[in-house]
Amino acid sequence: MTAPTQPEPSAPRDTAARTALRTDATDTLPLHTPVIAWFEANARDLPWRRPEAGAWGVMVSEFMLQQTPVNRVLPVYEQWLARWPRPADLAAEAPGEAVRAWGRLGYPRRALRLHGAAVAVTERHGGEVPSDHAELLALPGVGEYTAAAVASFAFGRRHAVLDTNVRRVLARAVTGVQYPPNATTAAERRLAVSLLPAEEGTAARWAAASMELGALICTARNESCHRCPIAARCAWLRAGKPEHDGPPRRGQTYAGTDRQVRGKLLAVLRAAEVPVPQAALDAVWEEPVQRARALDGLVADGLVEPLADGMYRLPGRP
DNA sequence: TACGCGTGGCT
DNA sequence: TAGCCAAGCGT
């Protein structure tokens, strides 16, 4: 367990003690206070939360966790850090090795971008993951969320960390609706900033705690309101948990798409230690037009390197 | 802004 | 069982 245990600085002890006895007065506490207290008692012991993970471990985990469940990330994360314990170690590898080690995590462009980020960290930052939000944002594969997450989790900085978990928690607890909008809105960002604790370390704990609450309690389906530390003040619960009303949440089709074909093609190349002939790739999909389009896309994305004589492989060193 | 991008477990 | 969903990013 690594959940910080310091007293909560922005809520003076006397105030907290007084209000804790008044269950009808929870609105007077900042939202982060009960959530952080819950987190300190219930946080999962994840490897990237341990001190030895360092900023590089945090960054690797954030790339892997983009749209991918924790349980699937765990084994790949451990192998990755054992093989490439520092950014420079990964930067020295061919990008194709990152794609191969990515395995079946999905969205393999993330592997390529993580490799690119390692190269950039090595070249521009002396091999140390930067703590500055703008410098993080400039790295390939690092967007607003990941920059804020790395700065917050690895360096204790104060940023609004707005991922799908936090967005859902705020949608329910504050806005009173079941789900946040499909795309992050300016209103959500304003709300997240308004809830940010003033003190840096408290803000960082709130970021981790609110994400964990969304991941474990305030889940998309089968939420556990009876175990929620802010159930008493949750706008959605108070309103009787009305079901989502509005435009349908964007789904993801997969069967028969280029994505599926790309996945099959890349699986062949991941498994091969030597370049593969065109015929081996042709075998994974019947329909030639879509098959060619998928392969072209992989080449255009830099995930596949075409060689002479119709041979293909994962990308080598430039 | 909306879409394309992998994979697999869960209900 | 067929969607739904999972710590988003780049264009």
Side-chain angles (χ1 to χ4, degrees), chain A residues 39 43-44 46-49 53 57-77 99 102-114 116-117 136-154 159-169 178-186 188 192 204 207-216 218-223 244 247-270 284 290 293-294 296-298 300-304:
Chain A
F39 180 67
R44 291 168 292 179
L46 300 171
W48 43 88
R49 287 180 178 163
V58 171
M59 192 166 99
V60 169
S61 77
E62 290 303 334
F63 270 78
M64 292 183 173
L65 288 163
Q66 290 168 8
Q67 301 282 280
T68 306
V70 166
N71 284 341
R72 205 175 312 160
V73 165
L74 285 168
V76 183
Y77 171 87
V99 175
W102 199 254
R104 305 188 66 79
L105 278 185
Y107 291 148
R109 292 191 289 197
R110 292 182 292 164
L112 224 43
R113 290 171 182 155
L114 180 51
L136 286 164
L137 198 55
L139 301 173
V142 176
E144 176 59 39
Y145 161 76
T146 302
V150 172
S152 179
F153 302 155
H159 292 285
V161 179
L162 204 52
D163 80 320
T164 188
N165 290 303
V166 177
R167 294 181 63 217
R168 188 173 53 248
V169 167
Q178 186 178 23
Y179 296 120
N182 276 331
T184 307
T185 63
E188 286 181 275
S210 54
M211 278 180 64
E212 191 79 337
L213 187 65
L216 297 185
C218 193
T219 47
R221 289 178 294 184
N222 300 323
E223 64 281 354
H244 177 71
R249 313 185 66 210
R250 188 159 64 92
Q252 318 169 49
T253 55
Y254 183 64
T257 62
D258 287 5
R259 249 195 286 189
Q260 184 182 18
V261 184
R262 288 166 58 108
K264 287 177 176 292
L265 292 170
L266 214 51
V268 170
L269 293 169
R270 276 197 311 263
V284 306
Q290 188 178 26
R293 186 173 65 232
D296 286 349
L298 288 170
D301 288 346
L303 284 163
V304 170

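Here is the naming used below: chain letters follow the sequence lines, and residue numbers restart at 1 for every chain.
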Given the [atom1] atoms of [N] and [M], what is the spacing between them in whole Å?
{"N": "B:dG8", "M": "C:dT1", "atom1": "C1'", "answer": "15 Å"}
{"N": "B:dC5", "M": "C:dA7", "atom1": "P", "answer": "22 Å"}
{"N": "B:dC3", "M": "C:dC4", "atom1": "P", "answer": "15 Å"}

Spacing of [X] atom [atom1] relative to [N] atom [atom2], expressed in whole Å:
{"X": "A:Leu303", "N": "B:dG4", "atom1": "CG", "atom2": "C1'", "result": "13 Å"}
{"X": "A:Asp296", "N": "B:dC5", "atom1": "CG", "atom2": "P", "result": "13 Å"}
{"X": "A:Tyr254", "N": "B:dC5", "atom1": "OH", "atom2": "C1'", "result": "10 Å"}
{"X": "A:Gln260", "N": "C:dG3", "atom1": "CD", "atom2": "C1'", "result": "15 Å"}
{"X": "A:Asp301", "N": "B:dC5", "atom1": "CG", "atom2": "P", "result": "8 Å"}

Test of understanding: with side chain to side chain donor-acceptor pair (under 3.5 Å), list the residues that count as partners of [X], not counting sequence neighbours.
{"X": "A:Asp163", "value": "A:Asn165"}
{"X": "A:Tyr145", "value": "A:Glu62"}
{"X": "A:Gln67", "value": "none"}

Completion exercise
Quick tally for nucleotides 4-11 of chain C: nucleotides whose base has a protein heavy atom under 4.0 Å get B, sugar-phosphate-only ones S, the rest -, giving BBBBBSS-

Practice task
Find the distance between OG1 (A:Thr184) and CD (A:Glu144) and round it off to the nearest 0.5 Å.
Solution key: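 If I round to the nearest 0.5 Å, the distance is 9.5 Å.
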
Exercise for the section: Would you kindly compare A:Leu266 and A:Ala183 by the position of their nearest DNA chain B nucleotide and give the one closer to the 5′ end? Expected result: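 On the 5' side of the pair lies A:Ala183.
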
Practice task
Please check the phosphate of B:dG6 (OP1 and OP2 only) for any side-chain N or O of A:Arg262 closer than 4.0 Å.
Solution key: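 Affirmative; the distance criterion is met.
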
Practice task
Verify the contact: side-chain N or O of A:Arg270 to OP1 or OP2 of B:dT7, cut-off strictly under 4.0 Å; return yes or no.
Solution key: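 Result: yes.
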
Exercise for the section: Under the salt bridge (Lys or Arg N to Asp or Glu O under 4.0 Å) rule, collect the residues that match up with A:Glu188, sequence neighbours excluded. Expected result: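 So A:Glu188 forms a salt bridge (Lys or Arg N to Asp or Glu O under 4.0 Å) with A:Arg167.
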
Problem - Sidechain-backbone polar pair: A:Arg49 side chain, A:Arg44 backbone, donor-acceptor under 3.5 Å - result: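 Between the backbone of A:Arg44 and the side chain of A:Arg49 there is a qualifying donor-acceptor contact (under 3.5 Å).
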
Please table the atom pairs, donor to acceptor, closer than 3.5 Å between any side-chain atom in residues 102-110 of chain A and protein atoms at least two apart or in another chain.
{"unit_1": "A:Trp102", "atom_1": "NE1", "unit_2": "A:Gly106", "atom_2": "O", "d": "2.8"}
{"unit_1": "A:Tyr107", "atom_1": "OH", "unit_2": "A:Arg259", "atom_2": "NH1", "d": "3.2"}
{"unit_1": "A:Arg110", "atom_1": "NE", "unit_2": "A:Gly106", "atom_2": "O", "d": "3.4"}
{"unit_1": "A:Arg110", "atom_1": "NE", "unit_2": "A:Tyr107", "atom_2": "O", "d": "3.3"}
{"unit_1": "A:Arg110", "atom_1": "NH1", "unit_2": "A:Phe63", "atom_2": "O", "d": "3.1"}
{"unit_1": "A:Arg110", "atom_1": "NH1", "unit_2": "A:Met64", "atom_2": "O", "d": "2.8"}
{"unit_1": "A:Arg110", "atom_1": "NH1", "unit_2": "A:Gln66", "atom_2": "O", "d": "2.7"}
{"unit_1": "A:Arg110", "atom_1": "NH1", "unit_2": "A:Thr68", "atom_2": "OG1", "d": "3.1"}
{"unit_1": "A:Arg110", "atom_1": "NH2", "unit_2": "A:Thr68", "atom_2": "OG1", "d": "3.0"}
{"unit_1": "A:Arg110", "atom_1": "NH2", "unit_2": "A:Leu105", "atom_2": "O", "d": "3.3"}
{"unit_1": "A:Arg110", "atom_1": "NH2", "unit_2": "A:Gly106", "atom_2": "O", "d": "2.6"}

Practice task
Go through the N and O atoms of the side chain of A:Arg259 and the base of B:dG6, and report whether any donor-acceptor pair is under 3.5 Å.
Solution key: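 Flag set: donor-acceptor pair detected.
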
